[in-house]
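Take a look at the structure below.
As the structure is a prediction and not an experimental result, all values here were calculated from the model. Counting from 1, the numbers follow the sequence of the chain as shown.
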Amino acid sequence: MQHHTATGFKNNYTDAVPGSTRDVLRWQWNARRKNLPPPPQTPTPIVAPNLAAIHANAGAAMQPAITWVGHATMLVQASGLNVLTDPVFSERASPVQFMGPQRAQPPGVALADLPPIDVVVISHNHYDHLDTNAVLALDRRAQGATLFIVPLRLKAWFTRQGIHNVVELDWWQQHTVRGVEFHLTPVQHWTARALGDRFQTLWGGWAVFGGDFHWYFSGDTGYSQDFKDTRAHFQDRSPDGFDIALIAVGAYEPRWFMQNQHINPAEAVQIHRDLHAKRSVGVHWGTFNLTDEPLDQPPVDLAAARIAQGVSEEEFFLLKIGETRALPSR
């Protein structure tokens, strides 16, 4: 497989991720010199979660619904399963909790208030997507019953944390949980969690197919042919497209440095179209200051991108942190 190399994994369509050390230093120096990112003019919208409805939505009567916890963490309730994407509940997206990117607001649903979680999908090992404290707490809370589905070579990290209910997949491989298929799909990104481990674990998006609901999660990604490939790969499995796609819309400036690894809202709308998603929701914004744009810029840029590409707000929307949106079954 072309993404396997002697020194680790690589992307399908570029070798220019994440950029050189010189580029990293140039970006960070410019950000400090210009005092970037600027503070937001408006706070990220927040709403109190409807915990009663979330907990009541269970079993055979479960209706498809999504609840935005914050950043890339979404509770997806569909096909009888409660699934969490990239659960991050710590105060900082960092290897330590006394420094690093800090939350602008708490999680929309506290970890202790979640319903029983059947499956957690992890897109990659960066600290704003793989939170040690969160996965340990989820595993303890379920007494090991929560299944973690992760990209290739990441299972060993979970084993070192004492978490053993883990399945790892390569691109295009799938694992079925109670009739629901979880497929790892290629995206354009990279991995590292410490010095010297860059590209040693895989990254990816997730395509999930239940009898009543098909959904997609992009994780982190730059724009590439991978999304058209994903649509073609699943054309027979889901001819009418995904019922919803969870697509990153934040952490994208400056473009000269971020474009190969993080999409901007215009590219997110293009991915929505590439996937032939019936609806999409923006994630990966409004929670952590990671790049040069203010936390409130993604909604502005997403609105402009929708207009430019003829996509309605009903087709590609944003949630408030803590908000639940019910979605139609297929």
Side-chain angles (χ1 to χ4, degrees), residues 1-21 23-24 72 85-86 121-126 128-130 149-155 157 167-175 181-193 197-209 214-238 241-242 245-252 255-277 280 283-284 291:
M1 287 174 273
Q2 66 176 9
H3 61 288
H4 292 246
T5 76
T7 57
F9 298 104
K10 74 181 191 71
N11 289 293
N12 283 331
Y13 294 103
T14 183
D15 293 324
V17 180
S20 68
T21 300
D23 285 343
V24 174
T85 64
D86 287 358
V121 292
I122 301 293
S123 65
H124 66 297
N125 72 356
H126 288 158
D128 62 316
H129 293 260
L130 178 54
I149 313 182
V150 305
L152 206 59
R153 295 189 189 167
L154 195 50
K155 182 176 180 177
W157 180 90
V167 170
E168 65 178 15
L169 301 177
D170 201 351
W171 287 344
W172 304 127
Q173 289 183 336
Q174 67 99 10
H175 181 75
E181 301 171 9
F182 291 81
H183 299 249
L184 185 67
T185 67
V187 300
Q188 184 170 290
H189 202 55
W190 59 288
T191 54
R193 199 161 178 88
D197 70 342
R198 185 174 288 187
F199 300 112
Q200 295 307 297
T201 65
L202 193 55
W203 54 93
W206 289 98
V208 184
F209 301 101
H214 297 175
W215 58 278
Y216 176 86
F217 171 51
S218 74
D220 262 0
T221 185
Y223 183 73
S224 70
Q225 174 73 26
D226 290 307
F227 301 100
K228 291 179 180 177
D229 294 347
T230 296
R231 168 61 180 166
H233 186 86
F234 294 115
Q235 176 67 47
D236 293 338
R237 181 64 185 82
S238 187
F242 294 101
L246 286 51
I247 302 176
V249 298
Y252 50 86
R255 295 312 291 152
W256 68 264
F257 180 66
M258 288 293 166
Q259 66 179 2
N260 285 325
Q261 55 190 310
H262 284 177
I263 53 176
N264 63 15
E267 291 164 328
V269 175
Q270 183 61 55
I271 289 169
H272 162 83
R273 297 168 63 201
D274 289 350
L275 292 172
H276 290 204
S280 291
V283 297
H284 200 264
T291 51

Check: H175 ring centre within less than 6.0 Å of F182 ring centre: no
Shortest non-hydrogen contact from R198 to G19? NH1-O, 4.1 Å
Any chance the side chains of D274 and Y223 put a donor and an acceptor closer than 3.5 Å? yes
Among F234, W206, F217, whose ring-ring contact (aromatic ring centres under 6.0 Å, His included) with H183 holds? F234
Identify the two heavy atoms, one from T201 and one from T191, that lie closest to each other, and give their separation to 0.1 Å. O-OG1, 2.6 Å
State whether R273 and E267 are salt-bridged, where the test is any N-O pair (Lys NZ or Arg NE/NH1/NH2 against Asp/Glu carboxylate O) under 4.0 Å. no
Could you tell me if the side chain of V283 sits less than 4.5 Å from the side chain of V249, heavy atoms only? no
D170 side chain to H3 side chain, donor-acceptor N/O pair below 3.5 angstrom: yes
Counting distance only, does the side-chain N/O of H262 pair as donor-acceptor with the main-chain N or O of A251 below 3.5 Å? yes
Does some side-chain heavy atom of W171 sit less than 4.5 Å from a side-chain heavy atom of N12? yes
Given D220, which partner from the list Q261, H126, H129, Q188 fulfils the side chain to side chain donor-acceptor pair (under 3.5 Å) test? H129
Is the shortest side-chain heavy-atom distance between F209 and F242 below 4.5 Å? yes
Are F9 and F199 near enough that their ring centres are under 6.0 Å apart? no
Where N260 and V17 come nearest, the two heavy atoms and their spacing: O-CG2, 3.4 Å
With under 30° as parallel and over 60° as perpendicular, where do the rings of H233 and W172 fit, or are they tilted in between? parallel
Heavy-atom side-chain proximity of I247 to H284 below 4.5 angstrom: no
